[in-house]
2 protein chains.
Amino acid sequence: MPRPKTHDLALRVRLLDRAGELLSGEGAAALSLRRLAADVGTSTTAVYSLFGGKPALVRELYVEAFQRLGKRLRAVVPTGDPADDLVRLGIAYRDSALADPHLYSVMFGATVPGFEPDDTATAQSRAALAPLLDVIRAGTESGVFTDAGGTMAMACWGLVHGLVSLELCGNLPPDLDVATTYEHALRANTAGWTRRQSTVVDQVVPADRVD
Amino acid sequence: MPRPKTHDLALRVRLLDRAGELLSGEGAAALSLRRLAADVGTSTTAVYSLFGGKPALVRELYVEAFQRLGKRLRAVVPTGDPADDLVRLGIAYRDSALADPHLYSVMFGATVPGFEPDDTATAQSRAALAPLLDVIRAGTESGVFTDAGGTMAMACWGLVHGLVSLELCGNLPPDLDVATTYEHALRANTAGWTRRQSTVVDQVVPADRVD
DNA sequence: TACCGATCCATAACACTGTCTTCAATCAGA
DNA sequence: TCTGATTGAAGACAGTGTTATGGATCGGTA
């Protein structure tokens, strides 16, 4: 029949690898289809036959990025102290982002115009945060945290993502000891979700959180 | 001498206005110099003679965005309750972002490749957060907050930015009551920075924050 | 063995982008 | 009226993502 296929799974992997390298090494601007195809030794057509276009290729990187994040978070083994586990998860989150900043920007920043994660991709991203949900559930069940219907997970994710985002965008003072400050912020946030001794009435805590 | 100038300050304002409209109405992809020039009734040269290029034009939008944010934050008049003021500042921050999502993305997201805010632009952005610093200073001086060298401001900024960013990226569950959840998160974070009664020893609070 | 036809994919075209150069249009002063 | 400096629109250039085309390649058939 026809000529043998060269747009196969192996080429697909090589394209993804090289795309990740370009993104991590030289940023989003360096990731052009012509450059990518030339580096891998094929033509731009390969991206269209194997993925469907540049946004679809970036979608794969998006999934890959969240899988790496999930791997790092799962590597944080619970110690039984939910508050401490929560802080350690936050630190692992930052480590993951700093290890591959451009890949992190694919997850949230609009690195590539026209790319919008679809539902299945979003679901995969949510799955990466399972360790966070586990720790919060454990802490809530043991009475350490006072979560109110999933609110706490969103708050924790927002905090770590926001801080990491500010750091990567260069919005933090250059002379700042980020690691220490970051951990301080994590501990303060954790403390805010921590149940206080019931005999103490702290006026600053809103009424709907005291039970 | 020469022909009369039409690349003047009035045209500059019109270009900025239209650029903001394009960004807010149709997103970053719609902001091309040819489209912009045609809409305003000039040529792409105007952007180069008046700004210096597309990144420089975006820089102006960056400054404009932070000025709008600063205006919203300054509109929050302190009540004397620093904890409550802090939460209200956070809500104003989100309102500002939701009012013009694409302008918000210029502040942090890499909306336009090649655009990096310079030092003066960064300084202007920092100035927009002055109300936040004021409230934290007031709360610290009155003994309500326990800040440790500017850490608290970064944490608060990180939290609001992170939550808003997740919301704008569509990373939050669609059926979530974001406003309520958002305020919960703000109150919890605020509580974490609130000084507790000195007689209570809370084991979850790290030792370096108890003084 | 020679041919054929189905299949694959590199090449090239298209419409767009930001940027830079060219040069005709313009108007004050001589 | 002529000159000459200056302005800014038009066009060139190199790049982008995407798509249409047609040559190259092989198995099955005559």
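Reckoned from all heavy atoms, side chains included, excluding hydrogens, waters and symmetry mates.
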Item to check | Results of side chain to side chain contact (heavy atoms under 4.5 Å, CB included) for B:Asp119 - residues two or more places apart only | outcome: none

Checklist outcome for this item: Taking C:dT19, D:dT18, D:dA9 as options, the one with an atom nearest any side-chain atom of B:Thr44 is C:dT19

Checklist entry - Among C:dC8, D:dA20, D:dT18, which is the nearest nucleotide to the side chain of A:Lys5? => result C:dC8

Item to check | Whole-Å distance separating the NE2 atom of A:His7 from the C1' atom of D:dT25 | outcome: 14 Å

Checklist entry - Rounding to a whole Å, what distance do you find between B:Leu15:CG and C:dG18:P? => result 13 Å

Checklist entry - Roughly, in whole Å, what's the span from CG in A:Leu36 to C1' in D:dG17? => result 13 Å

Item to check | Upstream residue (5' side of DNA chain D) when A:Thr45 and A:Arg35 are each assigned their closest nucleotide | outcome: A:Arg35

Next on the checklist: Rounded to whole Å, please give me the gap between CG in B:Leu33 and C1' in C:dC20.
Outcome noted: 13 Å

Next on the checklist: Assuming nearest nucleotide by heavy-atom distance, tell me which of A:Ser32 and A:Gly52 is located more 5' along DNA chain D.
Outcome noted: A:Ser32

Item to check | Sidechain-backbone polar pair: A:Arg88 side chain, A:Val77 backbone, donor-acceptor under 3.5 Å | outcome: yes

Next on the checklist: Can a side-chain donor-acceptor contact be found between B:Asp81 and B:Thr79 if the only test is distance below 3.5 angstrom?
Outcome noted: no

Checklist entry - Over how many whole Å does the gap from A:Tyr48 atom OH to C:dC8 atom C1' extend? => result 18 Å

Item to check | d(CZ, B:Phe51; P, C:dT19) in whole Å | outcome: 13 Å

Checklist entry - Taking only residues at least two apart or on different chains, which pairs with a member in residues 21-39 of chain A satisfy salt bridge (Lys or Arg N to Asp or Glu O under 4.0 Å)? => result A:Arg18-A:Glu21, A:Arg18-A:Asp39, A:Glu26-A:Arg35, A:Arg35-A:Asp39

Checklist entry - If you check every side-chain atom of A:Thr42, which of D:dT19, C:dC8, C:dA10 has the closest atom? => result C:dA10

Item to check | hbond_proxy A:Arg34 side chain to D:dG15 base (donor-acceptor, 3.5 Å cutoff) | outcome: no

Checklist entry - So, is A:Thr6 close to the C:dC9 phosphate, meaning a side-chain N or O under 4.0 Å from OP1 or OP2? => result yes

Next on the checklist: Whole angstroms only, please: what is the CG-P distance between B:Leu31 and C:dT17?
Outcome noted: 11 Å

Checklist entry - Is the closest side-chain donor-acceptor distance between A:His7 and A:Tyr48 under 3.5 Å? => result no

Checklist entry - Is there a side-chain polar atom (N or O) of B:Ser43 under 4.0 Å from OP1 or OP2 of D:dG8? => result no

